[in-house]
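A short worksheet on the structure shown next.
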Amino acid sequence: MGEDNGTNVYDPAMIEQKWQQRWESDGLYHADIDHSQPKHYALTMLPYPSGDLHIGHWYAMTPSDARARYKRMQGYNVMFPMGFDSFGLPAENAAIQRNIHPRIWTEKNIEHMRAQMKTMGAMFDWRRETISSDPSYYRWTQWFFIQLFRHGLAYRKESPVDWCPRCNTTLAREQVWGDDRHCERCETPVIKKNLVQWFFKTTQYAEEMLHYDGIDWPERVQNLQTNWIGRSNGAMVTFKTAREGHELKIFTTRPDTLWGATFMVLAPEHELVKMITTEGQKAEVEAYVEEAIRQTDIQREATDKEKTGVFTGAYAINPVNGEEIPIWIADYVLPSYGTGAIMAVPAHDQRDFEFARTFGLNIRVVIQPADMEPITEEEMTEAVPAKGTMVNSGELSGTTGDDTVAKVCEWLEGKGIGHAEVQYRLRDWLISRQRYWGAPIPIIHCPECGIIPVPEKDLPVRLPEDVEWLPTGESPLKLHPTWKQVRCPVCGGQAERDTDTMDTFMCSSWYHLRYLSPGYDKGPWDPAEYDYWMPVDTYTGGIEHANMHLMYTRFFHKALRDMGITEGHEPMLQLRNQGMVLGEDSEKMSKSRGNTVAPDVLVNKYGADTVRAYLFFFSRWSQGGPWSYSGIEGTSRWLRRVWSMITEDEDGSTQASEDTIRELRRKVHQTLGSITHDFEEFEFNTIISSLMELANNMAQFKREGAYGSPAWHEAVEIYLKMMAPVTPHIAEEMWMQLGKPYSIHTQQWPAVDEEAAKEDEITLVVQVNGKVRDRIVVPADIAEEDAKAIALASEVVQRFMEGKPARKVVVIPGRLVNIVV
RNA sequence: GCCGAAGUGGCGGAAUAGGCAGACGCGCACGACUCAAAAUCGUGUUCCCUCGGGAAUGUGGGUUCGAUUCCCACCUUCGGCACCA
């Protein structure tokens, strides 16, 4: 063993480069269809090519890689692809600031990041690399748009949408964050604009997306998605205006309070406002509407502000009791939820209560909770939202119990004035972006024929190369002199292309499908590849995508399923989320804080294996946490120790005792058992601790003369196989130095020898009144009675029993005896 | 306000079908090697103590022979949603 010059020091830079080249030239990580093996599609979220790989990328990708490698050693045919989500704004900003074409900027970044990524030593099959800004990719993104359009799932409408004044584009609801409603990307507060935009009907799948049957996704993600979809049960009830008899539908979750409705409120934007406002109220109403629309969402949605509103002069008839009640408008009613109109029940809804008190409107109690004193309108200081017995509610007075709402719905239905209804908070997905660097929306606007999809044979609709960005902030596609000029595919007349591009989340909704066959040109993917690899077995990535990418991709899959394009109900069976690596100051890493950690520098100093191992080790993967430069020294030390333990001969000629050999094998197989479990559960930190612990034990056994024994050879072989997924280079190098067949990464994951792992002796813990008083080494299979006898015989135990008789003795076989006196 | 997650040594974190709290690592201390230092190796390291023990997993209760783990209430931190009818 050892190098020619006699020294054999661990030189990560040398061995990592060597093996990366060898693996690549051998195509060791190529994943091809092989029906003789079970498949495993492992996927980690693809990065945006920002230009520099940061430690967060390593944190997301290398554990995912280790898991994929483990699966491969378990006998699965594993595909682990990588690509780039390469459309998006930063490319365009670079174009504006530095006068580089977004395509060139993106290509350069991809090239650089690909090279950086290769230093990770991950098992990416680069033949399957997919780049979403490539025309061969966005051709199919556009094709999907057309399929959605044909199936009525893509539509255009004018509505008030969120506009980022800095990015000069509209944003989806999910991309507007925080109390100040800022742009997810540049943090500028958004404003509202009334624009005609394309939407996808995500709401059509709201109900289905609430169900997570058959998928193993974290509760947390399910929770976030469920909250975001925001299902609420209630009733739809039709009121009518008193004079003209206009229908006025409202949604309520409390139909049991219908008899307490003393007025109605419409959103200022409600279509009926103009029609019903009386001549006398017109001026006041118009002024209010104008003011409401002018306000920003933040001003308008501030929950702590005083209630404002205006009477329309009109009245509605409450269908449950025929009462005439006034119709007001107020900005606390949102146009975008329910029907944009409510019945107001001030006695039982705090918002309505405040409104009623501000404007002196009637309050009527119609619910009496069981555990409260009888409530009266005069004495109320706040609304009583609790459920209870219906009172003052005509023939339904006295109705009570958990099913009150259901009973009322049934009654409403019988009368033909309403029915049970479900509302969702989820909105349709706004996908139009007024920017250049995205997939052009493949639509032609013809003055004669209307909205016409680009014929599939004409796809892709390519982005023009010769573009310039004007300070107006408008999209170069709109300003381009000729690009939008096109013949209508139907009538042949002069028409115009849609100059908007698609939200990049559209590109990432199906990238996992393009990996199947990135070069395929007869369809978005090769059906044979689809049949073998789909669905994705394990998907890993950041939790921040719970309400964006992960919802869009589910929507996309379900929509395609209903068109007969995909199969199954979900695209990704198992999802796991990593946490975030923070700076040493426990703050989020950022250049402005100066607390970033550069992986390239670390790789140069320690080698990729150490960086990988430290990232696995320092915290629970799902949790993340602060980086530590002194912490990584510990993992570096561990790898150097393992290196010398395995590659250096032992000088001494001691012969290990049988006990030592037995103990060595026991530790090895016990560790194998726990590491196997940890790989299944994504518990990477304890994989490393177990490996460290075993290395400490093995070093001890080596000193005791175990070196060179069959048990030692077995231990080393198993040790290297367990290391292989986490530190692939050093494992491969030591494997080779031991003369084992290339490659360690194609070896079978070892099986636990249960017999070897079994303990012969255990330390029996003896407690008196629940406190540990003695520890006695006994045979592992000791009988309960014997354990009890030994425990009671202990001198220490007798001292603590103080001569009192044992009232009760609890024996947990193999663990402890608790004596109660 | 609503939904969810988390509180364990000086630090990062282990341990939950209820059974030895603090694995593993960092840091620190001491020792070996060295002229010396670094590196490396070894030993120790929750706190208090009258060296018999005692206390301790955010706080207070409860269930249990026994609770970091289960139940109730509260405090703190973080994430998401929020005039959503």
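Throughout, protein chains are lettered first and strands after them, A, B, ... in sequence-line order, and every chain is numbered starting at 1.
- In the model, S336(A) has a side-chain atom that pairs as donor or acceptor with a side-chain atom of R427(A) under 3.5 Å.
- Taking only side-chain nitrogens and oxygens, R637(A) comes nearer than 4.0 Å to OP1 or OP2 of rG27(B).
- When the P atom is compared between rC70(B) and rU77(B), the two are found 23 Å apart, to the nearest whole Å.
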- line: Writing each nucleotide of RNA chain B 5' to 3' as (, ), [, ], | or . by Watson-Crick or G-U pairing under 3.5 Å yields (((((((..(((......[....)))((((((.......))))))(((....)))..(((((..]....))))))))))))....
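- Contact annotation for W638(A): no contact, since no heavy-atom pair falls under 4.0 Å across all strands.
- Going from atom CD1 of I342(A) over to atom NE2 of H270(A) covers 11.5 Å, rounded to the nearest 0.5 Å.
- Of the listed nucleotides (rG27(B), rG19(B), rA39(B)), rG27(B) has the atom at the smallest distance from the side chain of S630(A).
- Separation of the P atoms belonging to rC48(B) and rC41(B) is 30 Å when rounded to the nearest angstrom.
- Using modelled atom types and a 3.5 Å distance limit, the side chains of R640(A) and S644(A) yield no donor-acceptor pair.
- Residue R641(A) places no side-chain N or O under 4.0 Å from the OP1 or OP2 atom of rC24(B).
- For the C1' atom pair drawn from rA21(B) and rA55(B), the interatomic distance equals 13 Å after rounding to whole Å.
- Once rounded to the nearest 0.5 Å, the distance linking CG of D352(A) with CD1 of I363(A) reads 10.0 Å.
- Taking the six-membered ring where tryptophan is involved, the planes of W621(A) and F682(A) are essentially parallel, since the angle between them stays under 30° and well short of 60°.
- Residue N696(A) is classed as a sugar-phosphate contact, given heavy-atom separations below 4.0 Å to backbone atoms only.
- A salt bridge links E663(A) with R666(A): at least one charged nitrogen is closer than 4.0 Å to a carboxylate oxygen.
- Contact annotation: S232(A) side-chain N/O to rA85(B) OP1/OP2 distance is under 4.0 Å.
- In this structure, the nucleotide among rA85(B), rC83(B), rG53(B) sitting nearest to the side chain of R799(A) is rG53(B).
- Judged by distance alone, with hydrogens and angles left aside, R775(A) brings a side-chain donor or acceptor within reach of the base of rC20(B), the pair sitting under 3.5 Å.
- The P atoms of rU59(B) and rC75(B) are separated by 15 Å, rounded to the nearest whole Å.
- Listed nucleotides: rC65(B), rG12(B), rC20(B). Nearest to the side chain of F618(A): rG12(B).
- For the pair D585(A) and R593(A), the salt-bridge criterion is not met [side-chain N within less than 4.0 Å of a carboxylate O].
- Projected onto RNA chain B by closest heavy-atom contact, V796(A) and L816(A) fall at different nucleotides, the more 5' of which corresponds to L816(A).
- Residue D331(A) has its side chain nearest to rC83(B) when only rC84(B), rA85(B), rC83(B) are considered.
- As rounded to whole Å, 15 Å separates atom C1' of rC11(B) from atom CG of D585(A).
- Within the nucleic acid shown, T635(A) has no heavy atom closer than 4.0 Å to any nucleic acid atom.
- One interatomic measurement links the two molecules: OH of Y614(A) to C1' of rC24(B), which rounds to 13 Å at whole-angstrom precision.
- One can place CD1 of I329(A) at 22 Å from P of rA85(B), the figure rounded to the nearest angstrom.
- Considering only side-chain N and O atoms, N547(A) lies nowhere under 4.0 angstrom from the phosphate OP1 or OP2 of rG80(B).
- To the nearest 0.5 angstrom, L575(A) atom CG is 5.5 Å from L550(A) atom CG.
- Regarding R815(A), its CZ atom lies at a distance of 6 Å from the C1' atom of rG19(B), rounded to whole Å.
- Nearer to the 5' terminus of RNA chain B, by closest-nucleotide assignment, is the contact made by E633(A) (compared with the other of I819(A) and E633(A)).
- In this model, no donor atom of one side chain and acceptor atom of the other lie less than 3.5 Å apart for R231(A) and Q423(A).
- Nearest nucleotide to the side chain of K771(A), out of rA55(B), rC65(B), rA14(B): rA55(B).
- Among the protein residues, V810(A) comes within range of the nucleic acid bases, having at least one heavy atom under 4.0 Å from a base atom.
- A donor-acceptor pair shorter than 3.5 Å cannot be found between the side chains of Y59(A) and S619(A).
- Checking Y552(A) against E174(A) by side-chain atom types alone, a donor-acceptor pair falls below 3.5 Å.
- A straight line from NZ of K307(A) to P of rC83(B) spans 10 Å, rounded to a whole angstrom.
- Side-chain N/O atoms of R773(A) include none lying less than 4.0 angstrom from OP1 or OP2 on rG52(B).
- If you take atom C1' in rU8(B) and the same atom in rU76(B), they sit 15 Å apart, rounded to whole Å.
- Taking the six-membered ring for Trp and the full ring otherwise, the centers of F263(A) and F355(A) sit less than 6.0 Å from each other.
- Side chain of Y337(A), nearest nucleotide from rG53(B), rA85(B), rA15(B): rA85(B).
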Listing time: all N or O pairs from protein to nucleotides 1-8 of chain B that are below 3.5 Å?
residue, atom, partner, partner atom, Å
rC3(B), O2', N223(A), OD1, 3.0

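- As a whole-Å value, the separation of E693(A) CD from rG13(B) C1' is 14 Å.
- Taking the side chain of V772(A) as heavy atoms from C-beta on, and the options rG25(B), rA21(B), rA82(B), the nearest nucleotide is rA21(B).
- The side chain of R351(A) has rC84(B) as its nearest neighbour among rG25(B), rC84(B), rG19(B).
- Among the atoms of the strands shown, none is found under 4.0 Å from any heavy atom of S628(A).
- Out of rC65(B), rC24(B), rA14(B), the shortest distance to the side chain of N818(A) is found at rC65(B).
- The NE2 atom of H182(A) sits 9 Å away from the P atom of rG80(B) (whole-angstrom rounding).
- rC20(B) and rU57(B) have their P atoms separated by 15 Å, given to the nearest Å.
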